[in-house]
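Start at 1 with the first residue, then count along the sequence. Note that the structure is a prediction, hence the values are computed from the model and not measured.
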Amino acid sequence: RVFDDPTVVSTQSTGLCCCCFLTYTYKSTPTFDMSDEKWDSRTTAPLSRKPHPHPHTAIYYLKCMVGGVLSCGLTHTAVVPLDIVKCKMQVFPEKYSGLLPGIRTVLSEEGISGLRIGWLPTLIGYSMQGLCKFGFYEFFKDFYSNLAGEENAAKYKGAIWLAGSASAEFFADIALCPMEMVKVKIQTSPTGTFPTAFQPALNFMQNNRAETRFPFGSVLPLWGRQIPYTMAKFFFFEKVVQLFYTHYLTAPKDSYSKSTQLTVTFASGYIAGVICALVSQAPDNLVSQMGKAENKGKSFGTIASEQGLKKLMTKGLGTRVIMIGTLTGLQWWIYDTFKSSMGMGTTGGAVDKKASH
């Protein structure tokens, strides 16, 4: 079905499902007539009516999905050693007291291979998450902008960033959950008590579903961790980019070199990542605690009360800040590098003067 007026949304044709962007973007090349009063977020910015570098067609969203796969899959796999130590610090704080001591303990007991266990479910799971996170975010930004209308889309841009990122992450966590459960179980089980190879570990999780709650037993704490995390990640990234181009790099964004734009992307991503680590620390700790043998069968509320707020908020936090800050900066850099190579431009920009009045 082709929408004649994309600002009028039919509940029959735009359900929030994994393929809804294809329904909404059935027109392969949405067009905009400057003499027409109608406005479409897929083609121009609100109020200023500045055309996007690349119309937001189904092909555009699919390219964003590919960029998300590269962004999340590669970066999460690259920091698996840090992730392993972070998880062990959360589950066994008495034994793994810090990042460097934790690395030394893993090396002495498990060898260098101990710092790369769980890399395959990490690669698969976070590639799927990145596909949904970035691709659906771009779709939902346009979806909610058109739903709000041109003036509200300009006035409440921050709210649209938050709503778009939360909606995208809802589906991204469903895609991530099975592999995240396998990864955490591999990384937090004491040596010799659980398979470390991917296929045997996956088979065990599937064959013992009553005990492991595989494949979606961790989706609630994942939503609790990832939705606030992603809302902070996208909102503060967009906001910091906006501040850079509004107050420091005040010439038109397109006048700066790609290297300058990508430097802004990385710096903004790093700052957003530090904030992400802080807001998602406690739920992240709960996800790690689920893999601990002593917590088998316990509810999330029971585990949280046993750990206490201080432990949930602080154990492994320093390592997470370093890991998530670097990770988020690199993710945005990879994503925007891919977008630039596709002629789609980098993400974000200055406050539009017409939109700010």
Side-chain angles (χ1 to χ4, degrees), residues 68-93 95-96 98-131 133 172-173 175-202 204-205 218 221-222 225-226 229 233 269-270 273 276-277 280-281 283-292 315-335:
V69 168
L70 296 173
S71 170
C72 292
L74 295 178
T75 52
H76 277 277
T77 305
V79 298
V80 160
L82 287 177
D83 193 30
I84 289 169
V85 176
K86 181 267 298 180
C87 288
K88 290 180 182 292
M89 287 171 62
Q90 291 174 334
V91 177
F92 307 107
K95 184 175 181 179
Y96 300 90
L99 176 58
L100 293 179
I103 291 174
R104 286 196 292 267
T105 301
V106 172
L107 288 174
S108 65
E109 293 185 357
E110 304 174 44
I112 191 68
S113 62
L115 290 175
R116 58 174 181 262
I117 57 173
W119 73 268
L120 186 53
T122 298
L123 176 62
I124 298 171
Y126 282 93
S127 293
M128 294 301 298
Q129 186 209 37
L131 181 151
K133 185 196 295 277
D173 290 341
L176 167 65
C177 190
M179 292 298 100
E180 178 73 356
M181 292 185 72
V182 175
K183 175 192 82 74
V184 169
K185 189 67 175 174
I186 289 174
Q187 293 177 344
T188 59
S189 297
T191 305
T193 63
F194 189 80
T196 56
F198 173 64
Q199 193 60 53
L202 179 62
F204 181 93
M205 296 291 284
S218 291
L222 270 180
R225 179 187 81 182
Q226 291 295 135
Y229 166 92
K233 172 178 179 173
Y270 193 94
C276 290
S280 62
Q281 169 64 12
D284 180 74
N285 223 325
L286 276 177
V287 172
S288 295
Q289 292 294 332
M290 277 195 62
K292 195 173 182 179
K315 287 300 178 184
L317 179 60
T319 303
R320 272 198 94 227
V321 166
I322 296 170
M323 184 180 84
I324 299 299
T326 306
L327 195 71
T328 307
L330 285 174
Q331 283 178 353
W332 277 111
W333 185 85
I334 292 171
Y335 180 66

Can you tell me how far apart [atom1] ([X]) and [atom2] ([Y]) are? Round to the nearest 0.5 Å.
X    : Y    : atom1 : atom2 : result
D173 : K133 : CG    : NZ    : 7.0 Å
I103 : S108 : CD1   : OG    : 12.0 Å
S127 : L176 : OG    : CG    : 10.5 Å
T188 : K185 : OG1   : NZ    : 6.5 Å
L327 : L74  : CG    : CG    : 11.0 Å

Could you pull out the closest heavy-atom pair between [X] and [Y], with the gap in Å?
X    : Y    : value
G73  : T77  : O-OG1, 2.7 Å
G130 : C72  : CA-SG, 3.5 Å
Y335 : G68  : CD1-N, 3.9 Å
A201 : V182 : CB-CG1, 4.1 Å
I186 : G118 : CG2-N, 3.9 Å
I324 : C276 : CG2-CB, 4.1 Å

Would you say [X] and [Y] make side-chain contact, with heavy atoms under 4.5 Å?
X    : Y    : answer
K233 : Q226 : no
K95  : E109 : yes
S113 : R116 : yes
I117 : E110 : yes
E180 : S218 : no
T75  : I334 : yes
K183 : C87  : yes
Y270 : T326 : yes

Ring geometry between F194 and F204 (parallel below 30°, tilted from 30 to 60°, perpendicular above 60°) =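 Rings of F204 and F194: perpendicular, as their planes differ by over 60°.
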
What residues form a side chain to side chain contact (heavy atoms under 4.5 Å, CB included) with [X], not counting sequence neighbours?
X    : result
I124 : L120, M179, F198
P81  : L115
V80  : I84, W119, T122, Q187
M89  : V85, Y96, T319

Partner set under side chain to side chain donor-acceptor pair (under 3.5 Å) for Q129, not counting sequence neighbours =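 With neighbours one apart ignored, the set is E169.
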
Can you sort out the partners of K86 under salt bridge (Lys or Arg N to Asp or Glu O under 4.0 Å), two or more places apart, ordered by chain and number?
->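 With sequence neighbours excluded, K86 shows a salt bridge (Lys or Arg N to Asp or Glu O under 4.0 Å) to D83, D284, given in chain and number order.
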
